[in-house]
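Chain A is the first sequence line, chain B the second, and so forth, proteins listed ahead of strands; every chain is numbered from 1.
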Amino acid sequence: MKLATWNVNSLKVRLPQVLDWVSKHRPDVLCLQETKLEDANFPAAAIREAGYHALFSGQKTYNGVAILTRAAGSDAVTSIPGFDDPQKRTLAATIDGVRIVCIYVPNGESVESEKYQYKLRWFAALRAWLENELKRFPRLALLGDFNIAPENRDVHDPAAWEGKVLFSRPERDAFNELLAAGLRDSFRLFAQPEHSFTWWDYRMNAFRRKMGLRIDHVLLSTELARSCTACTIDVEPRNAERPSDHAPVVAELETT
DNA sequence: ATGGTAGAAACTCTA
């Protein structure tokens, strides 16, 4: 089973790239973030023609998440229960017996921002919810744009980023608390190249200069982690014309 | 020096 996540930064703009990518890689599950589409405008027909089912929870201009699947999903949930949030950042469903949770964590803007406090509140609610979900669904995968780089090696210049949003101590602590709830970072189950990143700012030629962060993640419950055989970042789409600023992350599970 | 790019939308906000 192949699971993937990709922040597309507008599905309207990136739809041809997404269709091309799924035809080439044929993931069983592709979680998308920043679709920036109201549900009425979701390109369900084009995705269906590519052989995929789609679940989606979107809004105009900002945020929006979707899950594309080869097999039909069930029991979809579009929010963190008990956390009142008008922003469309969460989508969960069961596919082939695996509980898939697709998230777009708030960016936070800066550590001084009100949006940073919202980010930490949001992430605390996510952890509380997932502690319960992991009991209900031992086979659970949490994929998405976490907007958190967990470790020094996930940042091109850790000294410059120390204490900044995406790499501040409270954010990294929150990420580690999520792991402590019973999740593994699938990328770190394997030896990886140095300078492995998933996001590069559009500005300052950051991609060409390898100035990136690893902020998109595939976390697996301990049971699923045991069957994980690979996790890779596909930087190829970042080289395309009009790319997303994020690259897809792909995890492979041994089918049982 | 606090820049710059991209997307959606609408003359600004978010990332």
Original post:
For A:Asp145, which residues count as a salt bridge (Lys or Arg N to Asp or Glu O under 4.0 Å) partner, sequence neighbours excluded?
Top reply: none
Subject >> Rounded interatomic separation in angstrom, taking CG from A:Asp216 and P from B:dA15 >> reply: 14 Å
**OP:** Considering non-hydrogen atoms only, spot the tightest contact between A:Gln87 and A:Asp85 and give its length.
**Re:** N-OD1, 3.0 Å
**OP:** Check the distance between B:dA15's P and A:Gln33's CD and give it to me in whole angstrom.
**Re:** 14 Å
Original post:
When you check the gap from the basic side-chain N to the acidic O, do A:Glu34 and A:Lys88 get nearer than 4.0 Å?
Top reply: no
Subject >> Pairwise P distance for B:dC11 and B:dA1, with rounding to whole Å >> reply: 32 Å
Original post:
Partners of A:Phe207 by ring-ring contact (aromatic ring centres under 6.0 Å, His included), sequence neighbours excluded?
Top reply: A:Trp200
Original post:
Can you find a side chain N or O atom of A:Arg89 that sits less than 4.0 Å from OP1 or OP2 on B:dA15?
Top reply: yes
Between protein and nucleic acid, restricted to nucleotides 7-9 of chain B and to nitrogen or oxygen atoms under 3.5 Å apart, what atom pairs and distances do you find?
| from | atom 1 | to | atom 2 | distance (Å) |
| --- | --- | --- | --- | --- |
| B:dG7 | OP1 | A:Arg14 | NH1 | 3.0 |
| B:dG7 | OP1 | A:Arg14 | NH2 | 3.4 |
| B:dG7 | OP2 | A:Arg242 | NH2 | 3.2 |
| B:dG7 | O3' | A:Ser10 | OG | 3.3 |
| B:dA8 | OP1 | A:Ser10 | OG | 2.2 |

**OP:** For B:dA10 versus B:dG4, give the span between their C1' atoms, rounded off to a whole number of Å.
**Re:** 22 Å
Original post:
How close or far is atom P of B:dA15 from atom CG of A:Asn107, stated in whole angstroms?
Top reply: 5 Å
Subject >> d(CD, A:Glu114; P, B:dC13) in whole Å >> reply: 17 Å
Subject >> Length of the CG-P vector between A:Asp201 and B:dT2, whole Å >> reply: 17 Å
Subject >> Flag for A:Asn41-A:Lys60: side-chain donor and acceptor within less than 3.5 Å >> reply: no
